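Below, each value reflects all heavy atoms present in this structure, side chains not excepted, and no hydrogens, waters or symmetry copies. For clarity, every value in this text was computed on a predicted model and none was experimentally measured.
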Amino acid sequence: MSVMNARRRPLIPRPRRRAASRTALAGAAALGMLGLTACGSGGTEGTGGGAGDGVDVVASFYPMQFLAEEIGGEHVSVSSLVEPGVEPHDLELSPRQTAELGEADLVVYLRGFQPAVDKAIEQSGVENVAEATSYTEPVEHGSGHEEGHEEGHGEEGHGEEPAEEGHEGHDHGGEGAADPHVWLDPVKYAEVAEGVGDALAEADPDHADDYRKNADALAEKLRDLDADFREGLENRRTDTFITAHAAFGYLADRYGLHEESVAGLDPESEPSGARMRQLHRVAEEDDVDTVFFEAAAGERTAKTLADDLGLRTGVLDPVEGITDASPGDDYFEVMRANLQALRKALGAR
């Protein structure tokens with residue numbers, strides 16, 4: 001059975017540009033998708049879905065949707081709460097949407113990434129949930145740029161030991177909160193995949209063997225991706241990379257890199273003058289030649305820093321969603337594009 005044949009619930013057409021009111025669009029998208037749901041019993045007997053519709057799975061945003069589709073295969077009908085092109089953090093759900101969420105056979109989500117989803121799941125009474133951080137250990141990535149920069153790397157040992165500090169995350173729960181971006185580490189994402197497979201098997205016992213087989217196959221592909229990153233980032237010139245959005249702490253930890261971000265807590269916020277001066281020094285001391293930005297967010301801030309230092313800009317995608325601007329059509333394509341971008345920026349040979 002091909003894991004690529006999941007029956008996808010129709011999504012709202014892809015927007016041509018980022019909307020002025022992303023929260024309103026996200027709420028409308030969620031309402032439209034949940035309104036289309038053909039729910040079944042919502043229990044653990046049989047398929048739990050309506051005739052011909054398969055198991056009704058609701059995913060909180062793209063990385064969770066990708067897992068549900070790949071692992072569920074032909075047995076599931078998957079909808080995402082987030083419209084392509086909309087920031088997943090901005091999602092808000094109405095009481096009606098929360099009630100409809102409770103009718104899903106399984107909800108796949110990531111606690112701490114979308115507060116509205118966390119609250120809705122608590123209120124909905126949905127019976128079966130697959131929560132990503134229950135399958136892998138989340139890590140705190142604090143704001144200690146200077147401490148992490150001084151202690152986390154130096155002139156020697158590129159690629160030998162994972163960096164321990166130096167990553168600012170979204171404001172997901174405040175300073176010191178666990179970083180939710182676990183899907184950017186292929187090893188952790190594989191652990192989540194296996195957990196989602198078990199959750200689908202529990203929600204739909206009739207197809208448990210298929211779900212676990214698909215989950216194992218996906219986890220193996222993710223371990224292959226991890227091996228590609230390890231090999232591809234060997235013999236690099238520098239460990240340090242600069243991003244507009246501090247989403248890559250897990251990836252940096254996994255491969256012994258050091259991330260510095262322009263705007264750590266909010267990818268659209270303006271960095272302070274002091275922060276820009278710090279980044280000037282980091283770029284000069286660590287031989288950084290690229291400032292990364294997200295295609296969906298634009299390159300204005302990154303370009304300002306790059307122009308000041310005579311550096312180039314490049315795209316490093318956090319894979320929070322797939323749009324026309326994404327450097328690939330699915331998780332694996334975007335992550336391999338990220339690998340090539342990092343190889344070029346870090347001078348890997």
Side-chain angles (χ1 to χ4, degrees), residues 139-171 174-177 179 181 184-185 229 232-295 297-318 338-349:
V139 175
E140 292 184 6
H141 289 123
S143 60
H145 287 282
E146 289 305 293
E147 292 80 5
H149 183 261
E150 295 300 327
E151 298 174 9
H153 68 283
E155 292 298 320
E156 299 178 358
H158 287 173
E160 295 300 320
E161 296 293 335
E164 296 295 332
E165 302 182 66
H167 174 261
E168 256 182 77
H170 281 296
D171 189 13
E175 188 69 24
D179 181 356
H181 300 86
L184 291 170
D185 175 350
F229 265 84
L233 295 175
E234 289 179 348
N235 303 314
R236 55 186 180 262
R237 182 188 70 250
T238 180
D239 292 339
T240 302
F241 62 104
I242 296 176
T243 62
H245 170 202
F248 298 91
Y250 286 106
L251 185 147
D253 286 353
R254 178 64 60 187
Y255 305 112
L257 306 179
H258 179 81
E259 180 190 26
E260 292 280 353
S261 67
V262 177
L265 296 178
D266 182 351
E268 295 182 354
S269 68
E270 293 292 335
S272 67
R275 180 64 189 141
M276 295 295 277
R277 288 191 294 274
Q278 290 174 352
L279 291 171
H280 278 228
R281 188 172 76 245
V282 168
E284 292 173 355
E285 292 178 353
D286 287 8
D287 196 17
V288 176
D289 66 10
T290 303
V291 180
F292 287 115
F293 67 96
E294 300 173 28
E299 66 173 333
R300 183 169 60 89
T301 301
K303 193 172 189 308
T304 297
L305 176 63
D307 288 347
D308 286 348
L309 294 173
L311 308 180
R312 59 174 177 252
T313 59
V315 173
L316 202 61
D317 196 302
N338 284 343
L339 172 57
Q340 294 308 312
L342 283 169
R343 280 178 50 80
K344 181 177 180 180
L346 301 176
R349 300 187 300 275

Nearest heavy-atom contact between A302 and V291 is CB-CG1, 3.6 Å

In terms of heavy-atom contacts, A252 and H258 come closest through CB-N, 4.4 Å

Heavy-atom closest pair (L233 atom, L346 atom, distance to 0.1 Å) is CD2-CD1, 4.1 Å

Separation between CG (L339) and OH (Y255), nearest 0.5 Å, reads 8.5 Å

For V288 and V282, the nearest pair of non-hydrogen atoms, with its separation, is CG2-O, 4.3 Å

**Message:** Determine whether L251 and F229 satisfy the following criterion, side chain to side chain contact (heavy atoms under 4.5 Å, CB included), listing intermediate values before the conclusion.
**Reply:** CA-CA 10 Å; L251 185 147; F229 265 84; 4.0 Å; yes

query = Using the ring of each side chain (for Trp, its six-membered ring), is F241 parallel, tilted or perpendicular to F292, with breaks at 30° and 60°?
reply = perpendicular

Looking only at the side chains, is there a donor atom on one of E260 and T240 sitting less than 3.5 Å from an acceptor on the other? no

Between the CG atom in D253 and the CG atom in D179, the distance rounded to the nearest 0.5 Å is 8.5 Å

Smallest heavy-atom separation, D239 atom then G256 atom, equals CG-O, 3.7 Å

CZ (R236) and CG (D287) are apart, to the nearest 0.5 Å, by 13.5 Å

L316 vs L342, test: side chain to side chain contact (heavy atoms under 4.5 Å, CB included). Steps then yes/no. CA-CA 8 Å; L316 202 61; L342 283 169; 3.9 Å; yes

* Determine yes or no for a side-chain-to-main-chain donor-acceptor pair under 3.5 angstrom, with R237 supplying the side chain and A345 the backbone. => yes

Between the CD atom in E284 and the NE2 atom in H280, the distance rounded to the nearest 0.5 Å is 8.0 Å

Value for CZ (R349) from CD (E234), rounded to nearest 0.5 Å, stands at 11.0 Å

So OG1 of T290 and CD1 of I242: to nearest 0.5 Å the spacing works out to 9.0 Å

Closest heavy-atom pair, R275 versus V262, reported as atoms and distance to 0.1 Å, is CG-O, 3.8 Å

